[in-house]
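Report on the structure given below.
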Amino acid sequence: MTDAAKDKTLQHSSVQDELSKPARSQWREIWVQFKSHRGALFGGCLFMFIVLGVVVGPFIYWNDAKFVPTGRDFITLRDMRPIYHALWDPSAKMDWAYPLGTDNLGRDMLARLMFGGRVSLAVGMAAMILALILGSLIGVLAGYFKKLDGLLMRMTDLFLALPLLPMILVAAVLFRESLSKSIGPEGGIFVLIVCLIGITSWMPTARIVRGDVLAIKEREFVLAARSIGTKPGSIISRHILPNVLSPIMVSATLGIATAIITESALSFLGFGFPPDFPTWGRLLNDAVDRMTLFPERVLWPGILISLTVLSVNYLGDGLRDALDPRIRGR
């Protein structure tokens, strides 16, 4: 047998092997591509670790985040240093019952970090969902209905041109008292912050979804559905939305990071939750006055905010690559 015949035989057998393999589902292909992205895998594991820590931690940890000691216990427990401080200062005030020390009121720092992370992540998730709904709705309407495109996109440009953080601060001052009286201090501030962040964060999602809808609505399957008399609502729900799921999911991950940073900035500036209701931004605000004496009180909330945002950004980057069929096919 000649070399050319051998090559043809090998190519034929390899083609038969490929055809004999069972077809993998689209979600399996996405998972395989996602696993190959080391940064995304690291970000996903880190984000899940943080979520489990702040959700499960307060149920396991023995100290209450809101407990303030009184009397002699207040003098004994206030301003404790973390236990690792013994590495360079064995004489420092420490207690193994408080691994990360206490603040100037004797409240446990580790408990407050876990409880504050739960609040910050809840605000981020809820604000992301609200921004996602608004952005997807406006993007689909602007992309599919030509008559609404100009109006909705000019409204999007208007929101993008507004100074969002000062506007959020003004709205927080105007509405926090009324919402606190009607819903409660914590619930009112939570609803206010979620609505403010969500209403001011939908614009990038709307632009991305609009661009994809403009391309998809000219595809053959959409034109075929339109030619047989399918209503626009059915076309959008059955054909448009499933095909714009990829940018929506990527925007969701990045929206969590934006919401967490915005909430932390509001709490740091004193416009967030009450002082006795810890969040990562509120812990930063409380620690600034004594930062030179107790730098770890600023360090730990800042590290947790940075790690959460970094992990979410890596996760979004990996999802973008995994959900893109052009990259997935490489």
Kindly give the heavy-atom pair with the smallest separation between [X] and [Y], and that separation in Å.
X: I208; Y: S251; value: CD1-OG, 3.9 Å
X: I197; Y: A127; value: CG2-CB, 3.7 Å
X: G44; Y: L315; value: CA-CD1, 3.8 Å
X: P69; Y: G106; value: CD-O, 3.6 Å
X: S267; Y: T279; value: OG-OG1, 3.3 Å
X: V123; Y: A259; value: O-CB, 4.5 Å

First locate atom [atom1] of [X], then atom [atom2] of [Y], and finally report the distance between them rounded to the nearest 0.5 Å.
X: S201; Y: I256; atom1: OG; atom2: CD1; result: 12.5 Å
X: L130; Y: C195; atom1: CG; atom2: SG; result: 6.0 Å
X: L134; Y: M203; atom1: CG; atom2: CE; result: 10.5 Å
X: I236; Y: I216; atom1: CD1; atom2: CD1; result: 12.0 Å
X: M291; Y: L299; atom1: CE; atom2: CG; result: 11.0 Å
X: S264; Y: L284; atom1: OG; atom2: CG; result: 7.0 Å

Would you check, one step at a time, whether the test side-chain contact (heavy atoms from CB on, under 4.5 Å) holds for W280 with L113? CA-CA 7 Å; W280 287 338; L113 284 171; 4.3 Å; yes
Check: [Y] main-chain N/O paired with [X] side-chain donor or acceptor under 3.5 Å:
X: S237; Y: S234; value: yes
X: W62; Y: A97; value: yes
X: S178; Y: F175; value: yes
X: R107; Y: V68; value: no
X: S311; Y: T308; value: yes

Residue pairs passing the side chain to side chain donor-acceptor pair (under 3.5 Å) test where at least one lies in residues 119-129, sequence neighbours excluded: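 Sorted pair list: S120-E263.
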Please tell me whether [X] and [Y] are part of a single hydrophobic cluster in this structure, the criterion being side-chain heavy atoms less than 4.5 Å apart.
X: V312; Y: V194; value: yes
X: F49; Y: V309; value: no
X: L105; Y: L283; value: no
X: F59; Y: V119; value: no
X: F115; Y: V55; value: yes

Would you mind writing out the side-chain donor-acceptor pairs for residues 222-229 within the sub-3.5 Å range, not counting sequence neighbours?
unit_1	atom_1	unit_2	atom_2	d
R226	NH2	K217	O	3.4
S227	OG	L223	O	3.4
S227	OG	A224	O	2.6

Please identify each residue that fulfils side chain to side chain contact (heavy atoms under 4.5 Å, CB included) with V170, with sequence neighbours left out.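 Checked V170 against side chain to side chain contact (heavy atoms under 4.5 Å, CB included); matches are L174.
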Could you give all pairs that pass the salt bridge (charged side-chain N to carboxylate O under 4.0 Å, His left out) test and reach residues 294-312, with sequence neighbours left out?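 Salt bridge (charged side-chain N to carboxylate O under 4.0 Å, His left out) check on residues 294-312 returns D79-R297, R81-E296.
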Looking at residues at least two apart in the chain, or sitting in another chain, which of them share a side-chain hydrogen bond (donor to acceptor under 3.5 Å, both in side chains) with [X]?
X: H85; value: W88
X: S91; value: D89
X: D157; value: R154, R207

Go through L132 and W202 one step at a time and tell me if the side-chain contact (heavy atoms from CB on, under 4.5 Å) criterion holds. CA-CA 6 Å; L132 216 60; W202 54 267; over 6 Å; no
What do the steps show when you test F67 against D108 for side-chain contact (heavy atoms from CB on, under 4.5 Å), and what is the final call? CA-CA 8 Å; F67 174 72; D108 186 86; over 6 Å; no
Whether over 12 other heavy atoms sit under 6.0 Å from F42 CZ: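 For F42, atom CZ is not crowded (no more than 12 foreign heavy atoms under 6.0 Å).
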Count the heavy atoms of every other residue, nucleotide or ligand shown that sit under 6.0 Å from CZ of R219, and state whether that count exceeds 12.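 Counting other residues, nucleotides and ligands, CZ of R219 stays at 12 neighbours or fewer.
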Test of understanding: with salt bridge (Lys or Arg N to Asp or Glu O under 4.0 Å), list the residues that count as partners of R118, not counting sequence neighbours.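 Result, salt bridge (Lys or Arg N to Asp or Glu O under 4.0 Å) vs R118: none returned.
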For residues 137-147, please give each side-chain donor-acceptor pair under 3.5 Å, one per line with the distance, not counting sequence neighbours.
none

Any idea how F221 and H239 line up, ring-wise: parallel (<30°), tilted (30 to 60°), or perpendicular (>60°)?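 Rings of F221 and H239: tilted, as their planes differ by 30° to 60°.
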Mind checking who shares a hydrophobic cluster with [X], ILVMFWY linked at side-chain heavy-atom distances under 4.5 Å?
X: M94; result: none
X: M80; result: L77, Y98
X: I83; result: W96

D149/R210 salt bridge by N-O under 4.0 Å criterion: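 D149 and R210: salt-bridged.
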Give a yes or no on whether a salt bridge exists between D286 and R112, defined as a side-chain N under 4.0 angstrom from a carboxylate O.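 Here D286 pairs with R112 in a salt bridge, since their nearest N and O are under 4.0 Å apart.
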Quickly, which of V191, I168, L169 forms a side-chain contact (heavy atoms from CB on, under 4.5 Å) with L196? Name it, please.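 The residue from V191, I168, L169 that satisfies side-chain contact (heavy atoms from CB on, under 4.5 Å) with L196 turns out to be I168.
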Under the criterion side-chain contact (heavy atoms from CB on, under 4.5 Å), I'd like the reasoning laid out for D212 against N243: C-alpha separation, chi angles, the key distance, then a yes or no. CA-CA 8 Å; D212 284 359; N243 285 280; over 6 Å; no
